[in-house]
Protein chains: 2
Amino acid sequence: MAPRISEEAKEEKRLALLDAALECFSQKGYYASSVDDIVRYSNLSKGSVYNYFDSKEDIFISLLQHQTKTSLERLNKVLREIESPLEKLKYWINLDIPFNLHKKKMMRVHIEFWMYSSDSPDVKKVLTDRFDTVLGIVKDIIAEGIEAGEFKKDVDPEKAAGMFWALHDGLWLHTLVRFDEKQLEERIKEIETTMLAYLT
Amino acid sequence: MAPRISEEAKEEKRLALLDAALECFSQKGYYASSVDDIVRYSNLSKGSVYNYFDSKEDIFISLLQHQTKTSLERLNKVLREIESPLEKLKYWINLDIPFNLHKKKMMRVHIEFWMYSSDSPDVKKVLTDRFDTVLGIVKDIIAEGIEAGEFKKDVDPEKAAGMFWALHDGLWLHTLVRFDEKQLEERIKEIETTMLAYLT
DNA sequence: TTATAAAAACTGACTGGATAGTTTATATAA
DNA sequence: TTATATAAACTATCCAGTCAGTTTTTATAA
């Protein structure tokens with residue numbers, strides 16, 4: 001007759017489940033995390049989970065889509081507010097400072113997505129689209145910067161964007177495995193000086 | 001079907017099993033690979049596998065140790081034969097050219113090791129040691145290069161080594177997910193020019 | 001206002017299938 | 001003969017997904 005909870009409350013629970021999933025997947029990876037683990041991190045029962053998602057894989061893919069959507073939206077919003085390409089890049093580089101645990105979880109689960117993508121065309125599609133979008137944004141910023149005279153004319157936007165992003169992801173990979181927050185921040189500052197020296 | 005085989009033959013079988021494991025783990029990851037999968041890729045039976053290894057995890061960790069040992073040995077051997085630090089770095093950068101499938105598998109399973117390391121102190125230990133060793137080698141080469149006057153004096157060997165290695169791993173991560181062999185090779189050449197320009 | 005009906009949402013014990021690891025019977029080189 | 005490598009069958013465990021029963025909320029008739 002009438003829904004017991006409102007649409008917003010429902011969406012909230014869905015998000016809470018995705019949050020619990022992020023916690024699990026970022027700690028133990030996709031396969032090692034059981035649905036019972038996710039249930040333990042949420043305030044719901046196992047049965048309820050299946051009111052919100054079709055399967056464990058559905059939770060995983062939904063988490064990927066949610067992360068992709070929100071992070072791109074936030075990024076675009078902020079970049080639109082910055083005028084200078086140089087400042088945009090600086091902002092982006094410093095996005096990862098200060099280090100926080102949530103970012104670490106996001107990055108950990110993101111690599112989990114990548115590893116899983118060889119099994120799932122759906123995941124692969126979302127990830128390659130996201131990859132190309134991000135790379136496209138960096139490339140455009142660099143191209144703008146060249147046009148505006150802020151960056152060197154002989155820089156290839158495509159290649160520079162690829163380097164920038166590889167450096168970013170490599171740094172994060174190392175942070176997950178070896179570095180602590182302080183070291184990450186030092187290294188990010190080093191990227192800033194080096195990349196900007198390379199571009200300007 | 002052949003009792004009393006020599007030690008060499010035994011070691012050969014062990015290596016063949018590690019090879020089968022590399023195949024599986026690089027394709028599907030640790031958890032998604034079953035022992036039966038590994039058996040299928042080897043010429044042995046399941047029961048036999050347990051004559052060589054204690055468990056699936058033991059296979060995984062043995063693969064990590066084997067890879068670590070052989071790759072570091074090979075690297076050190078070659079680097080010892082090169083005099084100039086600049087040439088050493090150039091050689092290293094081009095180690096990944098030409099692209100080949102075996103390297104891709106190695107890199108894929110290496111990331112699998114990294115992801116697994118949060119669960120296993122043993123894996124973590126081997127990986128951090130390996131990481132520090134590799135980074136130490138790069139750092140030493142750069143320091144030598146500075147002393148020999150081949151590199152700029154104001155370069156910080158520690159930081160430069162960190163950047164170099166982050167770039168390397170980031171690039172490979174992207175190659176696993178998005179790029180093809182041709183793109184990897186182009187990007188590696190780009191690293192060469194940029195890194196060497198940064199150092200000299 | 002209140003009793004009842006109906007729908008939605010939740011629960012957790014259970015099941016079927018998968019698979020890590022073990023045992024056993026057989027084959028064979030030494 | 002005998003030690004052991006092997007294959008195949010076996011066992012125990014785990015876990016994704018199900019479902020029958022319960023609780024909560026809303027609607028509405030009296």
Side-chain angles (χ1 to χ4, degrees), chain A residues 1-25 27-64 109 112 116 119-120 122-123, chain B residues 1-25 27-64 109 112 116 119-120 122-123:
Chain A
M1 284 237 59
R4 194 170 134 198
I5 60 174
S6 64
E7 277 304 311
E8 296 85 56
K10 212 169 167 175
E11 182 60 16
E12 226 167 74
K13 289 199 178 185
R14 219 185 94 98
L15 291 178
L17 272 174
L18 290 184
D19 219 52
L22 172 64
E23 197 57 45
C24 293
F25 293 146
Q27 268 179 40
K28 312 208 290 180
Y30 177 70
Y31 288 103
S33 300
S34 69
V35 174
D36 287 311
D37 286 334
I38 298 173
V39 167
R40 227 167 286 135
Y41 271 102
S42 73
N43 293 316
L44 289 164
S45 67
K46 191 167 184 176
S48 276
V49 169
Y50 287 87
N51 287 336
Y52 292 91
F53 299 97
D54 294 339
S55 62
K56 178 175 152 182
E57 193 184 24
D58 185 33
I59 300 177
F60 192 60
I61 294 179
S62 300
L63 179 61
L64 165 61
V109 83
E112 201 64 27
Y116 192 77
D119 290 341
S120 157
D122 283 352
V123 171
Chain B
M1 280 236 213
R4 305 216 179 180
I5 59 173
S6 65
E7 278 303 310
E8 296 84 57
K10 214 169 168 177
E11 181 60 16
E12 223 168 77
K13 288 197 180 186
R14 218 184 95 96
L15 291 179
L17 271 174
L18 289 183
D19 217 52
L22 171 65
E23 198 57 44
C24 292
F25 292 146
Q27 267 179 40
K28 312 207 291 179
Y30 177 70
Y31 288 103
S33 299
S34 69
V35 174
D36 287 316
D37 285 335
I38 299 174
V39 168
R40 225 166 289 134
Y41 270 101
S42 73
N43 294 316
L44 293 163
S45 69
K46 190 168 176 177
S48 286
V49 168
Y50 286 87
N51 289 334
Y52 292 92
F53 299 97
D54 293 340
S55 62
K56 178 174 146 182
E57 195 184 22
D58 185 33
I59 300 177
F60 192 59
I61 294 179
S62 300
L63 178 61
L64 166 61
V109 83
E112 201 64 28
Y116 191 76
D119 290 341
S120 157
D122 283 354
V123 171

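Basis for what follows: all heavy atoms, side chains included, without hydrogens, waters or symmetry-related copies. Chain naming here is simple, since letters A, B, ... match the order of the sequence lines and numbering starts at 1 in each.
Nucleotide C:dA9 holds its C1' atom 13 Å from the CG atom of A:Leu17, rounded to whole Å. In this structure, CZ of A:Arg14 is placed 16 Å from C1' of C:dA9, rounded to the nearest angstrom. Nucleotide D:dC15 holds its C1' atom 12 Å from the NZ atom of A:Lys28, rounded to whole Å. Separating the CD1 atom of A:Ile59 from the P atom of D:dC15 is a distance of 15 Å, rounded to the nearest angstrom. Distance CG (A:Asn43) to C1' (D:dT24): 17 Å, rounded to an integer number of Å. Distance, A:Ile38 CD1 to D:dC15 C1': 12 Å, rounded to whole Å. The separation between B:Asn51 atom CG and D:dA8 atom C1' is 14 Å, rounded to whole Å. Between A:Leu44 atom CG and C:dA9 atom P the separation is 12 Å, expressed in whole Å.
The phosphate of D:dA7 has OP1 or OP2 within less than 4.0 Å of a side-chain N or O from B:Ser45.
With hydrogens and angles left out, the side-chain atoms of B:Tyr30 and B:Glu57 include no donor and acceptor closer than 3.5 Å.
How far OH of B:Tyr52 is from CG of B:Leu15: 10.5 Å, rounded to the nearest 0.5 Å. Residue B:Lys28 holds its NZ atom at 7.5 Å from CG of A:Asp119, rounded to the nearest 0.5 Å. Interatomic distance, A:Asp19 CG to A:Tyr41 OH, rounded to the nearest 0.5 Å: 11.5 Å. With rounding to the nearest 0.5 Å, the separation of CD1 in B:Ile38 from CZ in B:Phe53 is 9.0 Å.
Within the 3.5 Å criterion, the main-chain N or O of A:Leu17 finds no donor-acceptor partner in the side chain of A:Ser42.
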TODO: Let me have a per-nucleotide readout for nucleotides 15-20 of chain C, 5' to 3', with B, S or -, counting only protein heavy atoms under 4.0 Å.
DONE: ----SB
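Along DNA chain D, the nucleotide closest to A:Tyr30 and the one closest to A:Ser48 are compared, and the more 5′ of them pairs with A:Tyr30.
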